[in-house]
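Labels below follow one simple rule: chain letters A, B, ... track the order of the sequence lines, proteins then strands, and each chain is numbered from 1.
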There are 2 protein chains.
Amino acid sequence: MIPIDPHHDCRPVGEILHQIGGKWTVLIITRLGHGSMRFGEIKRMIGGISQKVLTATLRDLEMDGFVTRTVTPSIPPRVDYELTALGRDLLVPVSALGAWAQENRPKVLVARQQYFDEHPDAMPMRQGRIAQLKQAAE
Amino acid sequence: MIPIDPHHDCRPVGEILHQIGGKWTVLIITRLGHGSMRFGEIKRMIGGISQKVLTATLRDLEMDGFVTRTVTPSIPPRVDYELTALGRDLLVPVSALGAWAQENRPKVLVARQQYFDEHPDAMPMRQGRIAQLKQAAE
DNA sequence: CAGAATCCAACTGGATACTG
DNA sequence: CAGTATCCAGTTGGATTCTG
């Protein structure tokens, strides 16, 4: 049932997943699943991502063979991004995970609240992370 | 086909995926999919993870309601971790993604090599990341 | 428009030493 | 055994400014 051999070194898998685990990667791949998009379109559609990070993330995706980057040297310049076959293939498990996250977010939020209630004590080691989550929940 | 409404604010989804995207999270969840485990077992089975990071990751997973933490106050102490129903549910899309990563890693590595060949020029902006990948590939 | 460059705060993860 | 407490390097991501 678990497709990963326990004796296999799975860190390479983590290496790829770490890429996908970037803050915006899944959102970008999901958006590109609808079809080719210009840089600015992606930026506007996602919202809240900085230009630098979007550029870097798209370059990573290009490097891994998930998207193509097509430059049209006009004035103003135009750059289109599109999923490759590999990228569309990746979209399947990624969008499944995205859907899961969307569906189960309420449960996770409930679990977090419950954790806060049941562990009201300090836990000084983890104050940073907890503050982070409380802020994200606002 | 894409289950995420383009007009929905998807950053909350990224918030949950960001947790899962931690360096070891997927490996830990996958391992716990085989059944309850003690702290030291997980640590040995994964290998290369520091005690601090494993503790923090397990606490995050507990907080989100993916694992239970059972303390047996003996000497020496014993702590067991086990997936909750929600965690086992999460395991489905997560192991699908893990399997995908494992199967397609060769393609990604080829794509990266090709990218290096086709873009031998500097790209000073991304030297850090590239060095990082080359090291990981060793 | 799509970036490149720079500066900078925040977070991640590792090493080490200590404890009930 | 299973942590907790520090310290620390490296990475991520954001804001701003500048360019073809």
Handout entry: Main-chain N/O of A/Gly21 paired to A/Thr25 side chain as donor or acceptor, under 3.5 Å
Key =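 Side chain of A/Thr25 to backbone of A/Gly21: no pair is present.
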
Practice task
Report yes if a side-chain nitrogen or oxygen of A/Arg38 is closer than 4.0 Å to either non-bridging phosphate oxygen (OP1 or OP2) of C/dA2; otherwise report no.
Solution key: yes

Practice task
May I ask you to verify if any side-chain N or O of B/Arg59 is less than 4.0 angstrom from the OP1 or OP2 atom of D/dT4?
Solution key: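 Checking D/dT4 against B/Arg59, a side-chain N or O does come within under 4.0 Å of OP1 or OP2.
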
From [atom1] of [X] over to [atom2] of [N], roughly how many Å is that when rounded to an integer?
{"X": "B/Ile28", "N": "C/dT12", "atom1": "CD1", "atom2": "P", "answer": "14 Å"}
{"X": "B/Lys43", "N": "D/dA2", "atom1": "NZ", "atom2": "C1'", "answer": "11 Å"}
{"X": "A/Leu58", "N": "C/dC1", "atom1": "CG", "atom2": "C1'", "answer": "14 Å"}
{"X": "B/Tyr81", "N": "D/dC1", "atom1": "OH", "atom2": "P", "answer": "15 Å"}
{"X": "B/Phe39", "N": "D/dC1", "atom1": "CZ", "atom2": "P", "answer": "11 Å"}
{"X": "A/Leu133", "N": "C/dA10", "atom1": "CG", "atom2": "C1'", "answer": "15 Å"}
{"X": "A/Asp60", "N": "C/dG3", "atom1": "CG", "atom2": "P", "answer": "14 Å"}

Handout entry: Residue pairs fulfilling side chain to side chain donor-acceptor pair (under 3.5 Å) with at least one residue in residues 61-70 of chain B, sequence neighbours excluded
Key =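 Matches after skipping sequence neighbours: A/Arg112-B/Asp64, B/Arg69-B/Tyr81.
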
Handout entry: Proximity to DNA chain C (any heavy atom under 4.0 Å), residues of residues 62-73 of chain B only
Key =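 Residues of residues 62-73 of chain B that come under 4.0 Å of DNA chain C do not exist, since none gets that close.
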
For the residue pair [X] and [Y], establish whether any side-chain heavy-atom pair is separated by less than 4.5 Å.
{"X": "B/Met63", "Y": "A/Leu133", "result": "yes"}
{"X": "B/Val79", "Y": "B/Thr72", "result": "no"}
{"X": "A/Trp24", "Y": "A/Leu54", "result": "no"}
{"X": "B/Gln19", "Y": "A/Arg129", "result": "yes"}

Can you give each donor-acceptor pair under 3.5 Å made by side-chain atoms of residues 84-91 of chain A, sequence neighbours left out, with the distance rounded to 0.1 Å?
{"from": "A/Thr84", "atom 1": "OG1", "to": "A/Gly65", "atom 2": "O", "distance (Å)": "2.6"}
{"from": "A/Thr84", "atom 1": "OG1", "to": "A/Phe66", "atom 2": "O", "distance (Å)": "3.3"}
{"from": "A/Thr84", "atom 1": "OG1", "to": "A/Leu86", "atom 2": "N", "distance (Å)": "3.3"}
{"from": "A/Thr84", "atom 1": "OG1", "to": "A/Gly87", "atom 2": "N", "distance (Å)": "3.0"}
{"from": "A/Arg88", "atom 1": "NH1", "to": "A/Leu83", "atom 2": "O", "distance (Å)": "3.1"}
{"from": "A/Asp89", "atom 1": "OD2", "to": "B/Trp100", "atom 2": "NE1", "distance (Å)": "3.2"}

Practice task
For A/Asp80, check side-chain hydrogen bond (donor to acceptor under 3.5 Å, both in side chains) against everything at least two apart and list the hits.
Solution key: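 Expected list: A/Arg78.
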
Practice task
Tell me, please, which residues at least two apart from B/Glu82 pass side-chain hydrogen bond (donor to acceptor under 3.5 Å, both in side chains).
Solution key: none

Completion exercise
Nucleotide by nucleotide, nucleotides 10-20 of chain D touches protein heavy atoms under 4.0 Å in the pattern (B base, S sugar-phosphate only, - none) -SSBBB----B

